Amino acid sequence: MKTPRLIFWLILISIIVISIFVFREKKNQPQIPYAESSPTQAASNVPNGATGTLVQVTQSNTISADSNLSAMPAQDKGTQIKQGLSEMNDISIVFYGRLEDQFGNPIPYAEIACSVRIYNGTQSTVDRFSATSDGNGFFTINHGKGESLSVVPSKKGYVSMMTKTSYNYSFMYSDHITSDQSNPTIIKMWKLQGAEPLVDISKEYRLPFTDKPISFDLIEKNIVPTGGDIKITVHRPSGEVSEHNVQKWSINFEVIGGGFIETSGKDSAVTFAAPLGDYQSSGVFENNNGPDLIDKALFLKSRDGRIFSKLHLWFRINNKPEDLMHVEFGGVANTNSSGNWEATVPE
């Protein structure tokens with residue numbers, strides 16, 4: 001019984017001694033520190049006299065601009081943003097323009113209110129100043145650096161016809177302007193001739209759906225069996241009528257004894273006389289402006305040229321069988337056989 005116990009204790013003591021020896025050997029081995037270092041630094045960490053092949057693992061330095069920016073300290077991020085805004089938005093503000101009336105005549109000695117928008121990472125402000133057109137309507141603006149320029153002319157007896165008053169210089173915008181002295185920007189103003197009385201033609205209708213023509217008298221603001229100013233016919237495919245089965249539909253729009261010109265809300269607001277030509281007697285409008293809406297700005301000449309109207313048309317049809325059609329007109333008409341709309345000049 002004593003011999004086996006003695007063998008057991010000898011084996012156990014041997015294992016403990018061997019373990020201590022292995023541990024001390026590992027502890028005394030030179031360690032290469034783990035760090036993000038350059039290849040030169042990694043080579044210098046190899047102990048003197050060591051032999052063998054040094055395997056270097058490198059990491060690509062190519063990262064996106066966004067991840068590069070997010071990895072930077074806050075101060076560096078701010079510096080980069082400021083530099084970017086300065087490069088894109090600090091552009092020399094040089095503008096060559098000419099003021100003309102509706103007939104193409106120059107508008108001399110008009111005052112022009114100007115403002116330069118500055119947004120460069122250091123400043124966020126608007127610098128306001130003024131300019132004046134010369135005897136031939138020309139003017140030049142050369143005013144430091146900025147993101148955009150706004151110009152608004154004014155002169156007694158004239159009204160602005162501008163639909164655009166701001167010009168982008170910043171390279172952040174695809175439509176940034178490049179001024180050319182030999183090709184100045186033409187800015188139109190309307191020379192007032194004297195306003196004439198206008199008739200309001202705004203009216204709303206709620207009507208059961210029909211595919212029969214409907215004639216409207218814009219002046220009397222009612223539906224008439226024949227005549228009037230415009231005729232509207234709805235075209236909708238047969239089938240289920242519901243909110244879950246949205247149908248593509250259209251209207252046939254016809255002007256009685258005249259025609260229409262399609263325009264925009266902005267152009268309509270700064271047009272103070274009816275166009276002389278290019279009217280079409282009828283056309284088809286589709287509900288492309290929304291699932292159930294036709295929205296149009298129009299110039300009308302009706303009743304053999306006796307009435308000239310600025311008309312805004314909104315038209316909806318029913319999405320449910322029990323719904324009504326919604327027809328809405330907005331605008332004014334000159335009933336004096338004149339295309340004068342100067343009474344719509346903003347005050």
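Since we're looking at a predicted model, the values are computed, not measured.
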Worksheet, complete the sentence: On a heavy-atom basis, the closest approach of Gly228 and Arg303 is O-NE, 3.8 Å
Item to complete: Not counting sequence neighbours, list each pair that qualifies as a side-chain hydrogen bond (donor to acceptor under 3.5 Å, both in side chains) and has a residue in residues 197-215.
Response: Asp200-Ser202, Asp200-Lys221, Glu204-His326
Worksheet item: Judged by modelled atom types alone, do Asn168 and Asp175 share a side-chain donor-acceptor pair under 3.5 Å?
Response: yes
Fill in: Parallel, tilted or perpendicular: rings of Trp249 and Phe315 (30°, 60°)
tilted
Worksheet item: Would Asn120 and Asp90 count as having a side-chain donor-acceptor pair, cut-off 3.5 Å?
Response: yes
Practice prompt. Looking only at non-hydrogen atoms, find the nearest pair between Val151 and Cys114 and report the distance.
Written response: CG1-SG, 4.3 Å
Item to complete: Give me the other members of the hydrophobic cluster that Val332 sits in, counting Ile, Leu, Val, Met, Phe, Trp and Tyr linked by side-chain heavy atoms under 4.5 Å, directly or via other members.
Response: Leu198, Ile261, Tyr279, Phe299, Phe308, Trp341
Worksheet item: Tracing side-chain links under 4.5 Å among I, L, V, M, F, W and Y, which residues wind up in one group with Val94?
Response: Tyr96
Worksheet item: Among side-chain atoms of Thr132 and Glu111, is any donor-acceptor pair under 3.5 angstrom?
Response: no
Worksheet item: Given the rule in the side chain to side chain contact (heavy atoms under 4.5 Å, CB included) test, do Val284 and Phe253 qualify, once you have shown the distances and angles that lead to the verdict?
Response: CA-CA 6 Å; Val284 175; Phe253 185 86; over 6 Å; no
Worksheet item: Do you see a donor-acceptor pair shorter than 3.5 Å between the side chains of Asn334 and Glu196?
Response: yes
Fill in: Distance (rounded to the nearest 0.5 Å) between Ile317 CD1 and Asp323 CG
10.5 Å
Discussion item. Please determine whether a side-chain nitrogen of the Lys or Arg among Asp229 and Lys301 lies less than 4.0 Å from a carboxylate oxygen of the Asp or Glu.
Written reply: no
Worksheet item: When you measure from the centre of the six-membered ring of Phe103, is the NZ or CZ of Lys191 under 6.0 Å away and within 45° of the axis?
Response: no
Discussion item. Distance to the ring centre below 6.0 angstrom and angle to the axis at most 45 degrees; does that hold for Arg98 and Phe139?
Written reply: no
Practice prompt. Indicate yes or no: at least one non-hydrogen side-chain atom of Val116 is less than 4.5 angstrom from one of Val126.
Written response: no
Item to complete: Could you tell me whether the side chain of Asp101 reaches within less than 4.5 Å of the side chain of Met189, counting heavy atoms only?
Response: no
Worksheet, complete the sentence: Applying ring-ring contact (aromatic ring centres under 6.0 Å, His included) to His176 and not counting sequence neighbours gives Phe171
Item to complete: Flag the pair Lys231 / Thr226 as yes when at least one side-chain heavy-atom distance between them is below 4.5 Å, and no otherwise.
Response: no
Item to complete: Check whether any side-chain heavy atom of Leu324 sits under 4.5 Å from a side-chain heavy atom of Leu207, and report yes or no.
Response: no
Discussion item. For the OG1 atom of Thr271 and the CE atom of Met161, what is their distance to the nearest 0.5 Å?
Written reply: 6.0 Å
Discussion item. Holding to side-chain contact (heavy atoms from CB on, under 4.5 Å), I want the full list of residues that pass it with Thr165, two or more places apart in sequence or in another chain.
Written reply: Ser150, Val152, Met162
Practice prompt. Please check if the side chain of Lys310 supplies one atom and the backbone of Ser268 the other of a donor-acceptor pair under 3.5 Å.
Written response: yes
Worksheet item: Is the gap between the ring centers of Phe285 and Phe260 under 6.0 Å?
Response: yes
Discussion item. Quick test of your reading: applying side-chain hydrogen bond (donor to acceptor under 3.5 Å, both in side chains), list the pairs with at least one residue in residues 133-148, sequence neighbours left out, ordered by first then second residue.
Written reply: Asp127-His143
Worksheet item: Is the backbone of Ser338 close enough, under 3.5 Å, to the side chain of Asn336 for a donor and an acceptor to pair up by distance?
Response: no
Worksheet item: With no hydrogens and no angle check, is any side-chain donor or acceptor of Lys155 less than 3.5 Å from a backbone partner on Pro108?
Response: yes
Practice prompt. Output the distance between atom CG (Asn252) and atom CD (Glu254), rounded to the nearest 0.5 Å.
Written response: 6.5 Å
